There are 2 protein chains.
Amino acid sequence: MAWKKEQKEQTRQRILESAADLFMLKGFEHVGINEIMTNAKLTRGAFYAHFSSKAELYAESIVTSALAMKDFLNPLHPSAPPFNSLISHYLSSSHMNGTSMRCPLAFLVSDITQQDAQVKAAYTKVFKGFTLYLKQRLEKQDDVEGGNAHSQSLLYAATMIGSLSLARALDDEALALDLLNACQHALES
Amino acid sequence: MAWKKEQKEQTRQRILESAADLFMLKGFEHVGINEIMTNAKLTRGAFYAHFSSKAELYAESIVTSALAMKDFLNPLHPSAPPFNSLISHYLSSSHMNGTSMRCPLAFLVSDITQQDAQVKAAYTKVFKGFTLYLKQRLEKQDDVEGGNAHSQSLLYAATMIGSLSLARALDDEALALDLLNACQHALES
DNA sequence: GTCTATAGAAAGATAGAC
DNA sequence: GTCTATCTTTCTATAGAC
């Protein structure tokens, strides 16, 4: 009977990926369970066999989206991309419009403030993972003294996430690109 | 009949301030017209005598909240507060939890991405005002060469707004305060 | 202009057949 | 486990009396 369990897991994963896509593009409130399930080639009624609520699915989707971003930023290729390349990918126009990657930390930041505890916990977990990753990358650079790497990683995260989320909110594309460029040049060493 | 017009304007202003408060604290989707009107000591039905839609009210509320913040940050007192004081007020824990001021740029940033054109236009207008203000303040500092003041103001805005909105989303208060402090120290000259 | 009442639509969650 | 059907609630927006 092991194959049955695996079949269910695959369906669950399909729902999760459908939800992650939609939530990142439209936020929590503008996506319905009906839409998520249709996008996963299922119907409404099957949803609660996999998740207990929309909020639980949202929390898991945030982690799923973060893992997708990690794969994009830090592929398992033999050579990790240089730090400046990480910054420029994160602050690119393709990230701004969501065509390359979709960082949940930036795409959902003020949305999270309105959500329940499990969602905030998932978001905080992803944020800690992101800043730890930045810290490790910064420690490999020669221009950062060890003791300040934690503070530096928080500063980098705030500037990266802040500029990207702002750029997405503005209706003036030239200004949005100015903003991304100004932050990119400031963060590149 | 001038007094009648003034009476209506006062009522409209009361709705606007009720809405600004609620929208900043709970976001667009989690506030209903009923709640806004009750908070303004009126009932649902009177709303559409003042605004044509919830979205229109939202757009105006963003500007109203920005003006309230401006009064808080830049009072008309004879001496303007020093720049470092501006930064530390903006990145304070009382701003994080919304008890002192409520910057719509930070409180609503990812919410705006999902809204219609008039809302994005209002948000962008406020952002331009904010960065212009920062630019003027930076130009008075002696450590910024004139040509870079625009880029510098964008960088400051991204880091301030990014760290504040992030701090509000995290469920780990110690980390949130670390984040605000790291950004404050980096931005203070 | 403000009120009560309600239209009309959408969405989260559940029930029961297969 | 997935389906169709539905319960229940909530919300924007409108109608009509005063």
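Convention: sequence-line order gives letters A, B, ...; per-chain numbering from 1. As the structure is a prediction and not an experimental result, all values here were calculated from the model. Just the heavy atoms: all of them, side chains too, but no hydrogens, waters or symmetry mates, feed the values below.
Remark: P of C:dG12 and CD of A:Glu56 are 15 Å apart, rounded to the nearest angstrom. Whole-Å rounding puts the B:His30 NE2 to C:dA11 P distance at 14 Å. If you take CZ of A:Phe47 and P of C:dT14, they are 11 Å apart, rounded to a whole angstrom. Atom NZ of A:Lys54 and atom P of C:dG12 are 4 Å apart (whole Å). Per the geometry, CG belonging to A:Leu57 stands 15 Å off C1' belonging to C:dA11, to the nearest Å. Atom CZ in A:Phe51 sits roughly 20 Å away from atom P in C:dA11 (whole-Å rounding). When rounded to the nearest whole Å, the span between OH of B:Tyr48 and C1' of C:dT4 equals 16 Å.
No side-chain donor from either of B:Ser110 and A:Asp111 sits under 3.5 Å from a side-chain acceptor of the other.
Contact detail for A:Ile62 and A:Tyr123: the closest heavy-atom pair is CG2-CA, 4.2 Å.
For A:Lys8, the salt bridge (charged side-chain N to carboxylate O under 4.0 Å, His left out) criterion is met by no residue, not counting sequence neighbours.
At a threshold of 4.0 angstrom between heavy atoms, the contacts of B:Gly45 include nucleobase atoms, whether or not backbone atoms are also involved.
Of the residues B:Asp21, B:Leu22, B:Ile15, the one that meets the side-chain contact (heavy atoms from CB on, under 4.5 Å) test with B:Ser18 is B:Leu22.
At a threshold of 4.0 Å, the pair A:Lys5-A:Glu9 does not count as salt-bridged, since none of the basic side-chain nitrogens sits closer than that to a carboxylate oxygen.
Mapping A:Thr43 and B:Ala55 onto DNA chain D by nearest heavy atom places A:Thr43 at the nucleotide closer to the 5' end.
The nucleotide range of DNA chain D contacted by chain B, defined by atoms under 4.0 angstrom from heavy atoms of the protein and reported 5' to 3', is D:dT12 to D:dT14.
A cation-pi arrangement is absent between B:Lys140 and B:Phe83 under the rule of less than 6.0 angstrom and at most 45 degrees off the ring axis.
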